[in-house]
Structure formats: structure tokens, C-alpha cells
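Single-structure report; data block below.
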Amino acid sequence: MTIAIRKLDAADVGFEQTLSAVLAFEAGEDEAIDRAAAAILADVKQRGDAAVLEYTERFDRVAAASVQALEIGRDAMQHALQQLPPERRAALEAAADRVRSYHERQKRECGSDGFLYTEPDGTVLGQKVTPLDRVGIYVPGGKAAYPSSVLMNAIPAKVAGVQEVIMVVPTPDGVQNQLVLAAAAIAGVDRVFTIGGAQAVAALAYGTATIPAVDKIVGPGNAYVAAAKRRVFGIVGIDMIAGPSEILVICDGSTDPDWIAMDLFSQAEHDELAQSILLCPDAGYIAQVEASINRLLPDMPRREVIQTSLTNRGALIKVRDMDAACEIANLIAAEHLEISAENAQHWADKVRHAGAMFLGRFSSEALGDYCAGPNHVLPTSRTARFSSPLGVYDFQKRSSIIQVSAAGAQTLGRIAAELAHGEGLQAHARSAELRLK
């Protein structure tokens, strides 16, 4: 099996335009999908539980007398955990411990305690940080079952202090994934409903007689889920609208080429639209990686998905040197960036845009997906230029504290009144002036 993966040279005329074409991904939001999602949202908003039950039967082929019957209790979650093979349970618990530890450290280091300070005239200013009351997490079901996503979405919410985490997960034909339920038990999920699709997003956003409305919805889903999340944003918060998974590898040419080939595979196997790109200054090494790709691919269970992904959206790119690789990395702003090189930190210091950086030859992206500790919910489609990984801070909000002293009101009142008059807002000005001596 030979893959026709594109090979580019950054020195070629028109390289930037070619690279832009490779990176281009239009979500191509299907109007039919958006209309269908909008109709489902409106129906659930109006009819609540009854609509949820109808859509669950229609799309997941699960009939239930009530939405309560679609809820999985904590005892069932604990049972799923207890029934796991010992090695699988140990791995899940170890991953959860690492994710929890990382996010507890994140909470301490990222200003989660708020602050107050007092000015010379006695005016107190500051910021109060409080967790969200209730959060909904969407977990894909059916063929795609991701217990790691349960950990990555629920644990930082709990570390942030969210009082109630509600999980929704579709169970087509009534088939429940026990590893997902076990992960929910470990992560401290409070309630689980076996519903999915736009109807689950609607239930979380608007609330029904059975499912309480949440303040924010996080987690990945299909096109209908993404369309629904877009439409309810503003009524509730959302994490992001994620595109296909991406990996960018910068390599100096001294890592085992089989390792790099498999790292490229690790993203390509997600789906046909995933993107895997290698940047390297050594043409001979690029040829070795290409040979490894073609030799290793036939043994991969998801080889057809990998082949399509690498053929349509992958690239092996020769660059002038490692500095040039870092410049291109900033242009790509990848979800996952591996720097497989000597003195990886030196090169990482030159990169400004990446969702997550994996430094050194032993830091495979797969470790970040499951158990390294940092969150694997990351910005895609170049949004790492302006957004960040999911974290504790996504489950908190900040309130400004303003306590003006009598003396402070004399200074601030005159400033505010002058500006308010300038804006033609006399009531604002008068409100400030009334407090002047």
C-alpha cells in the first residue's frame, strides 16, 4: 500500500499559497443540518421531555416511557467501574489522577482565588472568582466512545467547584459503553442521561421537566450537535466548535522515522478530514518517514481512514532550517505540535501559536490524549491563534469588585461626571455629582 502524500518545499515559489490550500478547511455548515438542528431545538424548548423521548426513539432506536427511564444512576456508574478488568480500571484511575492533579495545579496558578487591593483614599477594587453552578458535558456514543473525553471535560469542572455536572451520551439501540460510565463515576459526574444529538443540547440549554438547564455545555459531537451548540450560545456558554483533529510535527531528522510515521497516523486515524503534517530540514529524513508510512500502514486496523486523511490533507514539508520550521508552525497554529528534536525547549520558545506542545522525542501526542494531565480539548483550525485548551478557567466566571470610599467618590465623581456630560448622559453625571461634597 503506497500513500500519495504530498511533499512540499518551503523554498518553492508560491509555497505559502500552496500551504494555505492544504490548511483550508471550511466547516461547510450544511444548511439542511442547521435547519434540522434549529427545528429540534425549538421543539424541545416547547415540548420538553416529550420531544426528547420522540427524538431518542427516532434517532437512537431507544423507546422509553419517560426521560427518567433514560437516566443512569450513580449505582449503575459505580457498578460499571467495579466490573472493569483490573488493568483497565487501574489505567483509567491513573489517568484521572493525573488529569485532576494537573488541573488542581492550574487552578492555583491561574488566578482562581481572585484579588482585592485598597487605594490610598480607602477605595477597594478587585475581582471575585466563582464557579459555574451547573455544567453539561456531551459525550459521543455509539461507535465513537471516548472515556478519556469524560475525564477531560468533567474533572476540570469539578476542580473548578462546579456544583453539578450533567452528562448526556447517546446509546444507539440501547447499547451502553461501560468504560464511559466508569469514567463518569471516577470523574464525579452527578447525573447521566442516555440521550444525544441536537435534542440533548436543547434539553441542557433550555431545561425540561426532568433535565435541569445548565450554564455551559462542553464536549464534542457530530454536525448536528455542533450546529445546535452554535445556536444556543448566548443562552448558555459553550467551549468551542471544534474542527477535525490536527498534528504538526517539527523534527530535526534524528528521531526514529517509524516513531514519526506513527505519530502522524495517530491523528490521521481519527477521521478522513484529520490533518497530519511534518516539517523537517532534512530531505533524506523525510524520505525515510515516507518509507515508514508506506511500510507500517498495511498493519493498521484503520488504514483506509489513515490513507484518505494523509492523501487529502497530509503533507511532508522540507524547510530551510529549524528556525523556518518554527515560523511555519506559527502560521499553521496547530492543535497538537510535536517538537521532536534536540533542545526542544529552545525551539518551543520560538512558537507562539499551538493548542498543546509536546517537547522531545518521547512526548508522543497520544500520551496527551489520555494521561499526561493537560487537557486534550484543544483549539483547532488555526484558532490556537486566539484561544486556549479547555481548563479550570472555563468553568469559572469573574465579578469585578468596586467599593468606593467617601473620599474616593470625590475624585472619581468629578471624572465620571465630566465624561458623562461629554457623552450626553446627564443622569450618569448627576448620579456621580450627588455624592460630591
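Here the structure is a predicted model, which is why all the values come from computation and not from measurement. We're numbering straight along the sequence, starting at 1.
- Checking side-chain atoms of R88 against main-chain N and O of P85 turns up no donor-acceptor pair under 3.5 Å.
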Step-by-step side chain to side chain contact (heavy atoms under 4.5 Å, CB included) determination, T383 to M240: CA-CA 10 Å; T383 59; M240 62 185 75; over 6 Å; no
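- With salt bridges taken as basic N to acidic carboxylate O contacts below 4.0 Å, one links D258 and R295.
- Judged by distance alone, with hydrogens and angles left aside, the side-chain atoms of S20 form a donor-acceptor pair with the main-chain N or O of E16 at under 3.5 Å.
- With D263 as reference, S364 is the one residue of C251, S363, S340, S364 to meet the side-chain contact (heavy atoms from CB on, under 4.5 Å) rule.
- No hydrogens or angles considered: nothing links the side chains of Q178 and Q83 as a donor-acceptor pair under 3.5 Å.
- In summary, K107 and D113 do not engage in a salt bridge, as defined by a charged side-chain N under 4.0 Å from a carboxylate O.
- Between I186 and V150, every side-chain heavy-atom pair lies at or beyond the 4.5 Å cut-off.
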Evaluation steps, side chain to side chain contact (heavy atoms under 4.5 Å, CB included), between I317 and R6: CA-CA 8 Å; I317 303 175; R6 64 173 57 81; over 6 Å; no
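- Not counting sequence neighbours, the partners of I217 by the side-chain contact (heavy atoms from CB on, under 4.5 Å) test are V201, L204, A205, V214, V232, V236.
- Using a 4.5 Å heavy-atom threshold, the side chains of L359 and W347 count as separate.
- Between T255 and Y285 there is a side-chain heavy-atom pair separated by less than 4.5 Å.
- With hydrogens and angles left out, the side-chain atoms of D349 and Q345 include a donor and acceptor closer than 3.5 Å.
- Nearest heavy-atom pair across L41 and A198 is CD2-O, 4.0 Å.
- Judged by distance alone, the side chain of Y138 and the main-chain N or O of G197 form a donor-acceptor pair under 3.5 Å.
- Sorted by first then second residue, the salt bridge (Lys or Arg N to Asp or Glu O under 4.0 Å) pairs that include residues 125-141, not counting sequence neighbours, are R134-E164.
- Using a 4.5 Å heavy-atom cutoff, the side chains of E338 and I247 are in contact.
- Side-chain atoms of V351 and N330, non-hydrogen and from C-beta on, do get closer than 4.5 Å to each other.
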Per-pair distances, 0.1 Å, donor-acceptor, side chain in residues 269-280, under 3.5 Å, sequence neighbours excluded:
| residue | atom | partner | partner atom | Å |
| --- | --- | --- | --- | --- |
| D271 | OD1 | L273 | N | 2.7 |
| D271 | OD1 | A274 | N | 3.1 |
| Q275 | NE2 | V22 | O | 2.9 |
| Q275 | NE2 | R313 | O | 2.8 |
| S276 | OG | L264 | O | 2.8 |

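- Judged by distance alone, with hydrogens and angles left aside, the side-chain atoms of T194 form a donor-acceptor pair with the main-chain N or O of L70 at under 3.5 Å.
- A 6.0 Å sphere centred on CD of Q82 holds more than 12 heavy atoms belonging to other residues, nucleotides or ligands.
- Between E104 and R100, no side-chain nitrogen of the basic residue sits less than 4.0 Å from a carboxylate oxygen of the acidic one, so the salt-bridge criterion is not met.
- L125 has its side chain within reach of Y117: a pair of non-hydrogen atoms, C-beta onward, lies under 4.5 Å apart.
- Using a 4.0 Å cut-off between charged nitrogen and carboxylate oxygen, E54 and R58 do not count as a salt-bridge pair.
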Test log, rule side chain to side chain contact (heavy atoms under 4.5 Å, CB included), inputs E327 and V319: CA-CA 10 Å; E327 292 174 10; V319 295; over 6 Å; no
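- Here the shortest heavy-atom pairing between L84 and A182 reads CD1-CB, 3.6 Å.
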Derivation and outcome, side chain to side chain contact (heavy atoms under 4.5 Å, CB included), residues E423 and H428: CA-CA 10 Å; E423 291 186 351; H428 280 67; over 6 Å; no
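- No side-chain heavy atom of E246 sits under 4.5 Å from any side-chain heavy atom of L248.
- Here E342 pairs with R361 in a salt bridge; the nearest charged N to carboxylate O distance falls below 4.0 Å.
- Electrostatic pairing of R231 and D34 counts as a salt bridge here, judged by a charged N lying under 4.0 Å from a carboxylate O.
- Closest of all the heavy-atom pairs between Q396 and R398 is OE1-NH2, 3.6 Å.
- Side-chain contact between Q199 and F59 is present, with heavy atoms from C-beta onward closer than 4.5 Å.
- Judged by distance alone, the side chain of S292 and the main-chain N or O of Q288 form a donor-acceptor pair under 3.5 Å.
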